[in-house]
Amino acid sequence: MPVHAPRSFTVQWGSESVLVSNVEPDLPVATGDAELAKVVAAGRANPVTLLPEAAWRAVARATTGPDGVAVQLRPTPEEPAGLLMVENVDGATLHSVVTRVHLSEVLPGIQPRTGMEVMEIPDPQVQGITDADRPCAIVRYRYQDPAHLRNHVWQTIHGTLSLNSYAPSILARKVTRNLITHPVEITFEDGTESFHALVVRDGITRLASAWAVQAGPDADAAEAAGLAVDSLFGKNPTVSPGTGGDPLGQRLATGRERWRRALRDEFAQAMATEEPGTRAAQIAQTSVLPAQIAVGAEGHPGHLLAAEDIFDDAIRSVLASVHVEFKQWDTAAQNVEVATRALKRVIQLGDSLVPKDDLQVVYGLAVGRIPVEELPSVFTTGGGTAPPGTALWRSVYLVHALTRPELLEPLKDQAKAIKGGKRMGLKGFAELLGPLIDLPWRSYKKHVTTQARNAWNNGGVLTSDVIQEWEPLPTDDFTSLVKPALLGDRDARCTLAVAGGVALIADKLLTRNVGSALNAAKEKGGVPFRADVNQVVEDLSQQHNELGLWTLALAANRFRSDALPENAVTMRQLIHKQKTEGEAGTPYVHFKTDLGEPDRIERDADGVPVMLHQWDVVWASNPDRALKAHPPKALFVPPQPGPGAGPTAGPAAGSAAGPAAGSAEADEGVPGDGGEETGKGGSGEAGSSTDPAPGRPQEVSRPASQRAAEHRYVLRQSVAGARDALDRLLLLEPEVGGHTPIVPVAVLDELHKLLIGLQTDVENLRRKAAPEETVTDDEEAPEELGV
């Protein structure tokens with residue numbers, strides 16, 4: 001038992017009083033070199049653990065009980081693998097030590113939940129590590145540079161706290177459930193020296209909440225994330241060489257130990273008082289966290305994954321058992337997890353007719369391990385033609401590989417087993433592919449991601465031909481495939497169906513059309529008839545449909561993975577769109593197809609290309625059906641004026657229409673247009689006609705109606721300015737990413753309350769003005785109107 005029993009006391013956390021329990025009187029001291037050596041020696045001697053020495057040192061530095069870790073690792077005659085925790089997952093066995101770790105020695109790792117969100121800072125590249133063809137219980141994170149690492153950690157903690165926080169609970173009871181962690185080697189593309197650390201794979205919200213407690217009750221998510229980054233890596237973002245040639249990992253560890261030493265001194269002073277305060281509770285409840293550290297992985301005999309994939313797949317299996325079956329991720333993250341794990345299971349079972357090496361390449365492409373630029377080196381056709389290294393060609397080869405008849409059914413069977421379902425149709429399988437396909441352009445086309453994934457849920461590009469035997473035809477110009485497609489070349493037709501279909505779906509020109517779309521205008525996403533997305537793509541790619549094949553080819557040619565076309569944005573976004581500085585070339589636009597033009601692009605009477613709409617895409621898929629649903633209307637010929645119709649009709653009509661037209665134009669005017677300036681000038685001139693009395697203020701002497709006109713102008717300008725500010729926030733949202741709201745909820749609540757009050761006052765004024773406009777001859781006018 002400890003010399004001093006744990007204490008409990010009450011502290012103030014913001015506006016709440018929190019009872020803090022089990023506060024230990026002392027914090028763990030630094031681990032000495034001799035204790036570090038014990039852990040390293042025990043780990044190296046264990047037959048089931050396989051880690052580099054630098055990784056063992058990271059484990060030893062992180063733990064607060066190195067002796068206990070050494071005991072768990074030490075083999076005995078009865079337990080050759082020591083007292084390690086054992087978990088059997090798909091295809092592997094994991095061995096872990098259970099201990100407690102310092103808060104400042106663990107970094108947030110990556111999960112499918114965070115990996116599937118649109119992030120401002122991209123995740124690092126992940127690669128497994130082997131030793132003599134045996135899997136090591138460690139992965140390699142490859143960042144661009146140290147700034148990328150700092151920003152990624154900041155983003156993960158900030159984004160996590162923006163969504164959820166357990167801070168009050170942790171302050172009261174500490175973190176009580178183990179974090180699932182493992183060692184990682186952090187490397188950099190810019191040549192910065194690598195180092196080893198521990199990362200949290202499950203429990204990132206608990207980790208971030210602990211930093212929120214450390215930051216204090218008044219700190220927001222950004223301040224908590226900043227504290228974490230500064231404590232982990234130092235306040236200086238640059239990495240300078242240390243004295244004596246110490247490696248980067250050692251310099252960072254020294255800085256973290258210096259931070260913990262200052263924390264211990266502060267805690268000792270706080271606990272020496274008669275009534276410890278909030279700061280003492282913050283330090284005591286978050287300095288140490290319970291953790292389960294994976295240190296060994298063994299592949300099951302028989303049908304194995306590639307050695308470098310075994311450990312990462314085993315960790316993901318542990319996470320999925322929690323977040324797919326119990327605490328669920330969102331649908332997109334679940335789909336990615338199910339699809340990639342199903343592919344891994346097919347590789348493990350070895351029942352597919354596709355060679356395992358080819359499946360490993362497909363898996364690497366699906367999860368982003370193989371970058372788009374390497375596509376030409378890993379995929380070639382029988383004739384040796386390599387595909388262009390573009391994101392769209394990645395989608396073509398990925399769809400082709402995952403929908404081969406010899407692979408499609410095994411993948412569907414494994415996906416059903418993982419999801420626990422009894423059946424999976426083509427649409428259900430297409431739903432799994434959506435978030436795999438949009439990986440390269442997810443952040444650039446964030447505004448239409450929901451519509452695109454809904455289109456995949458409705459069948460995507462999985463036509464009856466695409467799921468049969470065919471081979472992609474690499475080309476730099478998709479229009480070159482139209483002629484062979486018209487001649488019946490299945491490979492050309494399917495290549496156009498997948499490439500053009502993916503382009504149309506990603507750019508919101510082909511969506512899951514619901515009933516309301518039949519009544520919508522063409523410019524607002526309307527469609528001439530209802531049809532599933534994969535049926536539209538199938539009809540567009542038919543041999544006899546020249547209009548459809550050209551529509552697919554032109555869409556694929558114009559597709560860009562780094563921008564959103566003007567076809568996909570609303571009129572308001574177009575009006576307020578701010579052009580990117582330094583952007584070269586023409587705007588990114590899809591144009592309507594016209595087979596009568598040399599370049600197959602339709603133009604209006606002024607020679608301007610006509611913008612493509614979803615209506616045109618669906619129409620091109622089946623023109624006969626579209627004509628039946630929307631037959632051409634006869635032209636309306638206005639009656640000629642008779643002899644008795646003199647010039648009185650025209651002026652009368654014109655004078656009657658004039659005010660209405662002018663009113664409509666005024667309502668449609670944009671803030672700051674000429675109409676408003678005229679109104680303002682008119683008010684000023686009217687005001688100048690009334691001279692103020694001597695010694696009397698101008699405002700009092702002017703008629704109230706003139707002053708009201710000016711205030712109406714200010715009101716309208718202020719509302720328009722608010723609209724502009726909101727539009728600019730929405731334009732910045734893709735750059736901020738999906739990890740945190742562009743406007744915090746607290747600010748939105750305050751704005752919402754103000755807007756509700758403004759709307760109520762405007763509505764009350766509108767109701768007061770309405771009787772003047774709606775009084776009819778048989779109604780009694782209100783007395784106050786003087787009628």
Side-chain angles (χ1 to χ4, degrees), residues 43-44 46-52 55-56 58-59 73 80-82 84-97 109-112 115 124-142 180-185 187 196 198-202 292-324 336-352 354-370 410-411 414 417-418:
R44 304 282 283 184
N46 193 299
V48 300
T49 60
L50 190 61
L51 288 174
W56 280 120
V59 172
L73 287 168
L84 299 177
M85 176 181 174
V86 178
E87 289 181 282
N88 289 302
V89 296
D90 293 329
T93 298
L94 280 177
H95 300 274
S96 306
V97 295
I110 58 176
Q111 284 184 343
Q125 292 291 323
V126 182
Q127 182 181 5
I129 298 177
T130 61
D131 185 354
D133 292 330
R134 289 181 58 196
C136 297
I138 184 174
V139 295
R140 180 178 291 121
Y141 282 2
R142 187 171 179 83
I180 296 177
T181 68
H182 63 76
V184 66
E185 180 186 5
T187 62
H196 290 73
L198 288 188
V199 296
V200 176
R201 294 296 294 273
D202 182 64
Q292 169 187 329
I293 308 174
V295 293
E298 294 179 291
H300 291 163
H303 304 291
L304 299 179
L305 299 170
E308 64 268 18
D309 292 329
I310 290 176
F311 174 68
D312 189 51
D313 183 73
I315 287 291
R316 290 176 58 186
S317 296
V318 173
L319 301 185
S321 66
V322 177
H323 292 287
V324 174
V336 169
E337 189 68 8
V338 169
T340 53
R341 287 188 64 209
L343 183 56
K344 278 302 184 75
R345 284 191 176 188
V346 171
I347 299 174
Q348 288 174 357
L349 296 174
D351 294 337
S352 173
V354 182
K356 286 188 177 181
D357 290 343
D358 293 346
L359 290 179
Q360 290 289 355
V361 172
V362 173
Y363 179 83
L365 194 68
V367 300
R369 182 178 299 167
I370 298 177
L411 279 176
Q414 295 303 326
I418 294 171

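- The two atoms that bring Ala92 and Ile310 nearest to each other are CB-CG2, 3.7 Å, heavy atoms only.
- Summarising the geometry of Pro135 relative to Gly299, their closest heavy-atom pair is CG-N, 4.5 Å, with the distance given to 0.1 Å.
- The heavy-atom pair separating Leu51 from Val295 by the smallest distance is CG-O, 3.8 Å.
- Take Val126 and apply the side-chain contact (heavy atoms from CB on, under 4.5 Å) test, not counting sequence neighbours, and it matches Ile110, Val139, Tyr141.
- By the side-chain hydrogen bond (donor to acceptor under 3.5 Å, both in side chains) test, Asp131 is found to be paired with no residue, residues two or more places apart in sequence or in another chain being considered.
- The closest side-chain heavy-atom distance from Asp202 to Val318 is not below 4.5 Å.
- In this structure, Leu84 and Val97 have side chains that are in contact, with non-hydrogen atoms separated by less than 4.5 Å.
- Applying the ring pair (Phe, Tyr, Trp, His ring centres under 6.0 Å) rule to His182 yields the partners Phe311; only residues at least two apart in sequence or on another chain are considered.
- Using a distance-only test at 3.5 Å, with no hydrogens or angles considered, no donor-acceptor pair links the side chain of Asp312 to the main chain of Gly128.
- Nearest heavy atoms, Leu198 versus Ala58: CG-O, 4.4 Å.
- Pairing each heavy atom of Thr93 with each of His300, the nearest pair is OG1-NE2, 3.0 Å.
- Residues passing the side-chain contact (heavy atoms from CB on, under 4.5 Å) test with Pro47, sequence neighbours excluded: Pro75.
- Shown here are the side-chain contact (heavy atoms from CB on, under 4.5 Å) partners of Arg134, two or more places apart in sequence or in another chain: Leu50.
- Considering every non-hydrogen atom in both Gly296 and Ala137, the closest pair reads N-CB, 3.3 Å.
- To the nearest 0.5 Å, atoms CD1 (Ile180) and CD1 (Ile293) are separated by 12.0 Å.
- Two residues are said to be in side-chain contact when any heavy atoms from C-beta on lie closer than 4.5 Å; Pro183 and His196 fail this criterion.
- For the atom pair CD (Gln127) and CZ (Arg140), the distance works out to 5.0 Å, reported to the nearest 0.5 Å.
- In this view, Glu298 and Val48, His95 satisfy the side-chain contact (heavy atoms from CB on, under 4.5 Å) rule, not counting sequence neighbours.
- Here the straight-line distance linking atom CG of Leu73 with atom CG of Asn46 works out to 6.0 Å at 0.5 Å rounding.
- Here the side chain of Thr181 pairs a donor or acceptor atom with the backbone of Gln292 at under 3.5 angstrom.
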